[in-house]
Amino acid sequence: MLGVAPKTLTNFPISSFFPFNSKSQTTLPSNLSFPSSTRFTHKYPTVSAVSNPVQEPKLAESLSPGQFRVDILSESLPFIQKFRGKTIVVKYGGAAMKSPALQASVINDLVLLSCVGLRPVLVHGGGPEINHWLSRLNIQAVFRDGLRVTDGDTMEIVSMVLVGKVNKTLVSLINKAGATAIGLSGMDGRLITACPSPKAADLGFVGEVEQVDPSVLRPLIASGHIPVVTSVAADKYGQPYNINADTVAGELAAALEAEKLILLTDVAGILENKDDPKSLVKEIDIKGVKKMMDNGKIGGGMIPKVNCCVRSLAQGVRTASIIDGRLPHSLLLEILTDEGAGTMITG
């Protein structure tokens with residue numbers, strides 16, 4: 001994001017900079033950094049080594065918690081200025097959906113971003129919750145090539161769980177945290193028109209996005225509400241379909257002309273070497289990511305996520321990031337710091 005060497009700040013938690021429910025302070029990961037406002041360019045440039053790192057903790061310790069917090073807010077100003085008034089589409093899932101602590105972290109991050117002027121839109125699926133209710137109703141979950149086989153009975157459960165339970169739970173949590181959320185499915189306001197998947201004969205009511213009409217979202221976003229969209233939509237005949245939530249997020253980001261698409265995942269991001277978790281690629285363009293796919297460096301469940309990002313970028317989204325949702329406050333790390341929390345793909 002910046003072309004200057006960042007000043008690393010330690011021994012203070014990110015939650016202490018933007019507290020919601022607690023004034024406690026714990027240890028901040030040592031890799032968290034905030035920028036100087038002297039230059040604001042792209043994310044993850046080559047930076048020089050931080051000089052005299054031993055003395056920096058003494059500087060932080062010499063400040064009162066209040067003064068330190070104010071300094072951090074001041075240094076975050078370039079990021080807030082860059083994204084203020086811009087739409088950010090976040091796909092929520094994975095570990096961040098399963099862990100109550102990570103769920104609270106994501107909710108608080110969304111509320112904070114909304115409070116400082118960003119316009120977040122949350123898109124979600126809910127695979128584990130669907131599996132739980134199918135099990136309770138003695139309906140066996142069946143998968144083919146990693147995709148859920150969705151017959152009529154399963155589709156009914158998917159709609160009830162995603163639209164009636166998961167969506168409203170997230171809306172309630174956001175409202176409780178201090179923002180105002182509105183829960184929607186793709187069927188509301190004809191937001192998303194679905195069509196059958198090419199593999200419909202094998203997968204049943206698994207759909208794809210045929211069309212997006214964001215008219216119902218624009219006034220909500222403009223008035224400061226946080227739309228929470230679940231990945232269930234109907235075709236032009238009214239038949240509901242279960243659509244991949246990553247795909248829905250990417251198509252919504254394109255239709256809303258979003259500044260940024262963020263996919264929360266259970267991995268660190270795109271790795272140069274799939275067997276080396278330390279080989280994280282922090283920034284790459286479309287040509288680079290396609291080359292990695294051609295060389296077999298990107299595979300498995302990462303392929304549809306990368307394709308989703310590439311498609312959204314081709315339709316006008318400025319940047320797309322695949323970030324590690326297992327990190328507390330990963331959204332703030334990605335948007336309000338120069339360190340990021342995963343891989344950013346540029347158009």
I'd like to know whether [atom1] of [X] has more than 12 heavy-atom contacts from other residues, nucleotides or ligands below 6.0 angstrom.
X      : atom1 : result
Lys176 : NZ    : no
Glu257 : CD    : no
Arg84  : CZ    : no

Would a hydrophobic clustering, with Ile, Leu, Val, Met, Phe, Trp and Tyr connected at side-chain separations under 4.5 Å, put [X] with [Y]?
X      : Y      : value
Leu271 : Leu263 : no
Leu280 : Leu264 : no
Leu77  : Val70  : no

Leu184 and Leu217: side-chain contact (heavy atoms from CB on, under 4.5 Å), yes or no, with the steps?
CA-CA 9 Å; Leu184 301 163; Leu217 290 184; 3.3 Å; yes

Under the 3.5 angstrom rule, does the side chain of [X] hit a backbone N or O of [Y] as a donor-acceptor pair?
X      : Y      : result
Lys297 : Lys291 : no
Ser279 : Asn273 : yes
Asp151 : Gly204 : no
Ser114 : Leu110 : no
Ser159 : Glu156 : no
Thr343 : Lys282 : no
Ser105 : His329 : yes
Thr337 : Glu339 : yes
Thr193 : Glu210 : no

Check this for me, if you would: do Lys260 and Glu334 make a salt bridge, where the nitrogen-to-carboxylate-oxygen distance has to be below 4.0 angstrom?
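Counted as a salt bridge, because a side-chain N and a carboxylate O are separated by less than 4.0 Å.
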
Determine, for Asp276 against Lys278, whether the closest basic-nitrogen to carboxylate-oxygen distance falls under 4.0 angstrom.
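The answer is no: the pair does not qualify as a salt bridge.
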
Taking all non-hydrogen atoms of both residues into account, name the closest pair between [X] and [Y] and its distance.
X      : Y      : result
Leu122 : Leu170 : CD2-CD1, 4.3 Å
Leu162 : His124 : O-CE1, 3.7 Å
Arg318 : Leu313 : O-CD2, 3.5 Å
Ile88  : Phe83  : CD1-CD2, 3.9 Å
Ala268 : Arg326 : N-NH2, 3.5 Å
Asp324 : Asp266 : OD1-C, 4.5 Å

Any side-chain heavy-atom pair of [X] and [Y] under 4.5 Å:
X      : Y      : answer
Leu331 : Ile323 : yes
Met293 : Asn307 : yes
Lys165 : Trp133 : yes
Met292 : Val306 : no
Thr346 : Met344 : yes
Glu251 : Arg311 : yes
Ile221 : Pro227 : yes
Glu259 : Arg119 : no

Between atom [atom1] of [X] and atom [atom2] of [Y], what is the distance when rounded to the nearest 0.5 Å?
X      : Y      : atom1 : atom2 : answer
Glu208 : Cys195 : CD    : SG    : 5.5 Å
Asn108 : Leu112 : CG    : CG    : 8.5 Å
Ile262 : Ser330 : CD1   : OG    : 8.0 Å
Ile270 : Cys309 : CD1   : SG    : 7.0 Å
Ser185 : Leu191 : OG    : CG    : 8.0 Å
Thr230 : Lys168 : OG1   : NZ    : 9.5 Å

With Ser215, which residues qualify under side chain to side chain donor-acceptor pair (under 3.5 Å), at least two apart?
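Counting only residues at least two positions away or on another chain, Ser215 forms a side chain to side chain donor-acceptor pair (under 3.5 Å) with Asp213.
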
Residues forming a ring pair (Phe, Tyr, Trp, His ring centres under 6.0 Å) with Phe205, sequence neighbours excluded
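Only Tyr241 meet the ring pair (Phe, Tyr, Trp, His ring centres under 6.0 Å) criterion with Phe205.
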
So which of Thr87, Leu336, Ile335 actually passes side chain to side chain contact (heavy atoms under 4.5 Å, CB included) with Leu118?
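Only one of Thr87, Leu336, Ile335 forms a side chain to side chain contact (heavy atoms under 4.5 Å, CB included) with Leu118, namely Ile335.
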
Should Thr154 and Val142 be marked as a side-chain contact (heavy atoms from CB on, under 4.5 Å) after you check the CA-CA gap, both sets of side-chain angles, and the distance that decides it?
CA-CA 10 Å; Thr154 302; Val142 179; over 6 Å; no

Apply side-chain contact (heavy atoms from CB on, under 4.5 Å) to residues Lys91 and Val89 and explain how you reach the verdict.
CA-CA 7 Å; Lys91 187 270 177 171; Val89 176; over 6 Å; no

Take Val232 and Asn167, measure what side-chain contact (heavy atoms from CB on, under 4.5 Å) needs, and give me the verdict at the end.
CA-CA 11 Å; Val232 173; Asn167 186 267; over 6 Å; no

